[in-house]
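Whatever order the structure lists them in is the order used to number ligands and atoms, beginning at 1. Predicted model only: the values in this text are computed from it and were never measured.
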Amino acid sequence: MTSTVTPGTTTDGAAGTSHTRIEGPAKVTGNAVYAYEQDAVDPLHLRGVGATVARGRVRAVDTTAAAAVPGVVAVLTPDTAPRIDGSATPEQTVLQSGEVHHRGQYVAAVLAETAEAAREAADLVVVTYDAEPATTAFDPASPEAYTPEVVVAFPPDATTGDPDAAFAAAPVQVDATYRTPIEYHHPMEPHSTVARWDGDHLTLFEASQAVWSARRELAQMFGIGDDDVTVVSPHVGGGFGTKGTLHGGSVLAVVAARAVPGRSVKLALTRREMTDLTGYRPATVQRVRLGAGTDGRLHSLAHDVVESGARMAEFGEPTAVISRHLYASPHRRTSHRVVPLDLSTPTYMRAPGEAPGSFGAESALDELAVALGIDPVELRIRNEPDVDPDTGRPFSSRNLVACLRRGAERFGWADRDPRPRTRLVDGWWHGTGVAAAFFPTFAMPGSAAAIRYSDGGAGAPGRYRVDIAAADIGQGARTVLTQIAAEALGVPPAQVDLNLGDTGLPHATMAGGSAGTASWATAIVEAADRFRDKWGTDPEDAAEADGVAGHNPAMAEYAMGAHGAHFVEVAVHADTGEIRVPRMLGVFAAGRILNPLTARSQFLGGMVWGLSMALHEEGVVDPARGHVVNHDLAGYHVAANADVGDIDAEWVDEDDPHVNPVGAKGIGEIGIVGVAAAVANAAHHATGVRVRSLPITLEHFL
Ligand code: MOS
């Protein structure tokens with residue numbers, strides 16, 4: 001069984017049916033107020049000054065010319081900036097010492113009455129340095145490579161059996177190395193902050209994936225109580241991981257605001273500052289070794305990764321973790337090593353781990369299919385595990401095979417001639433490729449929701465106010481949580497008013513790890529159940545109840561994940577090597593789909609990220625100075641409409657009683673996983689050229 005939806009379809013909006021975005025009209029009419037636009041009375045404008053060396057110390061800051069610009073209120077330096085007296089990460093420790101960890105790190109800042117004056121003055125600040133030798137080019141053979149403590153939340157290494165011996169003895173072998181570059185998040189809305197101190201109370205309007213954790217971070221930094229920090233984030237123009245924690249710009253605004261009590265300080269980062277200061281996906285080099293029998297069954301699977309990191313703070317991308325879950329193999333190994341560089345710190349970005357790791361893992365599987373002469377869809381089905389290969393736990397539900405079969409049927413895979421470089425149409429080589437997708441299903445305990453009823457009066461229907469400090473970063477949380485609350489209360493969504501994005505609301509965990517909906521829904525369903533238990537279906541005015549999301553004990557018994565299959569057609573120009581993607585189809589199995597309209601958008605959005613990763617995205621760092629060369633959208637390319645012809649997503653029905661009370665698996669990130677491999681596999685089928693390095697650009701085919 002499959003479901004598809006026509007965009008624009010709406011029914012009554014109950015959970016499981018389409019509902020247009022509640023804040024859609026406000027967004028398209030410009031009435032949705034983002035952080036930078038928040039009404040701040042008589043604000044000051046802030047502009048930072050970035051280091052021009054990659055490593056060393058500030059020797060001196062000459063502020064004379066900057067301070068003389070009309071409208072300048074203060075020029076902050078490491079010597080004069082207000083202090084951060086609590087605990088902060090190295091990237092949050094802004095203007096607290098002259099130490100320089102990476103190019104672009106803030107070394108001074110200007111506060112002025114206008115944005116123009118702040119910018120002019122910032123350009124006039126003269127900073128001199130005692131530079132030290134810096135390493136900014138990623139060399140996977142670096143002797144500095146080390147084993148990180150964790151790769152996000154996972155152990156860096158895992159071994160079962162004797163993968164090297166099993167590989168050596170296997171009748172069919174693939175041993176290949178794949179590379180992915182640094183990539184930047186670049187959400188549409190830049191990071192932006194409005195900060196104000198009133199005595200010891202801090203108010204922050206912030207583009208954030210998690211207002212309560214931002215509050216916690218700030219309270220710790222400044223040694224004040226959580227109640228002394230208010231964070232408000234009603235609308236967010238994309239996050240992708242970079243707005244999950246506070247970076248240097250946000251903290252700079254808070255530090256600067258300390259210098260001007262009672263006045264608001266505004267800061268919106270430029271694209272250039274975003275590449276310097278707000279994290280990125282690290283570069284990876286992945287060696288994948290697959291040993292198989294002639295029947296296609298894996299005997300050994302090893303996925304060994306070296307990735308770029310930062311000397312200033314550890315971040316390990318969980319690149320090989322996907323290889324712990326996708327296929328059965330009696331002997332297996334995954335490992336991660338990090339090479340510390342004098343660059344800013346990487347962070348979570350769009351399926352951290354699975355996105356780059358699936359390029360290596362799913363390209364290698366395609367190479368194995370070619371070596372064996374077995375169809376790549378069939379090869380994946382032959383290696384389908386009975387239980388989670390990593391933990392031995394049963395899957396709460398797993399429908400990868402159903403996704404592969406449905407995708408193959410709809411894409412017309414059965415007619416595929418496996419021979420590469422045999423379909424030349426009007427000067428373009430055509431080919432098709434497939435890859436599997438996996439993303440773990442998480443739920444974070446601890447979110448809370450409060451429900452309050454108000455009588456409609458005079459025969460009008462009553463209204464249910466639902467409060468939870470969740471984040472709508474464009475994924476549609478406001479809409480789907482309204483649908484969930486309505487379903488749990490047994491009323492139409494039109495009777496529910498949902499509030500989010502404010503620390504004045506009950507605690508909520510982050511919009512991250514594709515776990516937002518599951519985590520928040522657990523609290524909302526709990527609150528709604530208690531409301532109904534207490535008040536029945538005819539509540540009195542001001543009736544209230546609340547609920548807290550507990551830990552899901554089923555997570556210890558089952559392996560939980562969403563799955564999918566990507567089918568891609570590629571055309572490569574025979575003379576120029578240009579690459580086009582006429583067709584993309586993603587088929588997913590992700591539990592219950594709560595809002596087909598917005599879910600389809602999320603799947604498609606993820607697939608476009610994947611296309612972007614496959615064809616364009618590459619952060620280029622100047623090895624001499626650690627400077628991000630393509631630090632704007634003119635130089636850092638992302639996919640646009642012309643890159644793809646027909647693109648579609650659908651899903652197979654999946655009923656999973658274990659994941660959470662609404663049966664939904666996260667869908668924010670799985671769309672990207674596997675796309676780059678499917679494109680590379682299709683490009684091989686088209687041309688016979690195996691591209692093992694992203695992005696897949698025309699010179700690979702010449
Ligand atoms: Mo997402 S990269 O977990 O914010």
task: List the steps, then state whether side-chain hydrogen bond (donor to acceptor under 3.5 Å, both in side chains) holds for Glu307 with His336.
output: CA-CA 7 Å; Glu307 53 203 30; His336 299 81; 5.1 Å; no
- request: Carefully, step by step, assess Lys665 and Met560 under the rule side-chain contact (heavy atoms from CB on, under 4.5 Å).
  value: CA-CA 8 Å; Lys665 295 178 177 177; Met560 299 179 180; 5.8 Å; no
message: Nearest non-hydrogen contact with atom 4 (O) of ligand 1 belongs to which option: Gln209, Glu669, Arg350?
response: Gln209
- prompt: Should Pro352 be listed as contacting ligand 1, given a heavy-atom distance under 4.0 Å as the test?
  reply: yes
field: Subset of ligand 1 atoms that lie under 4.0 Å from at least one heavy atom of Met349
entry: 2 (S)
query: Does Gly513 come within less than 4.0 Å of ligand 1, judged by its heavy atoms?
result: yes
message: Can you name the atoms of ligand 1, numbered from 1 with element, that are less than 4.0 Å from a heavy atom of Tyr348?
response: 2 (S)
query: Counting distance only, does the side-chain N/O of Gln209 pair as donor-acceptor with the main-chain N or O of Gly241 below 3.5 Å?
result: yes
query: Under 4.0 Å from any heavy atom of Phe240, which atoms of ligand 1 are there?
result: 2 (S), 4 (O)
message: Quick one, Arg478 with His235, criterion side-chain contact (heavy atoms from CB on, under 4.5 Å). Give me CA distance, side-chain angles, the key distance, then yes/no.
response: CA-CA 10 Å; Arg478 192 179 268 104; His235 297 287; 3.7 Å; yes
message: Taking the ring of His185 and the ring of Tyr280, is the distance between their centroids below 6.0 Å?
response: no
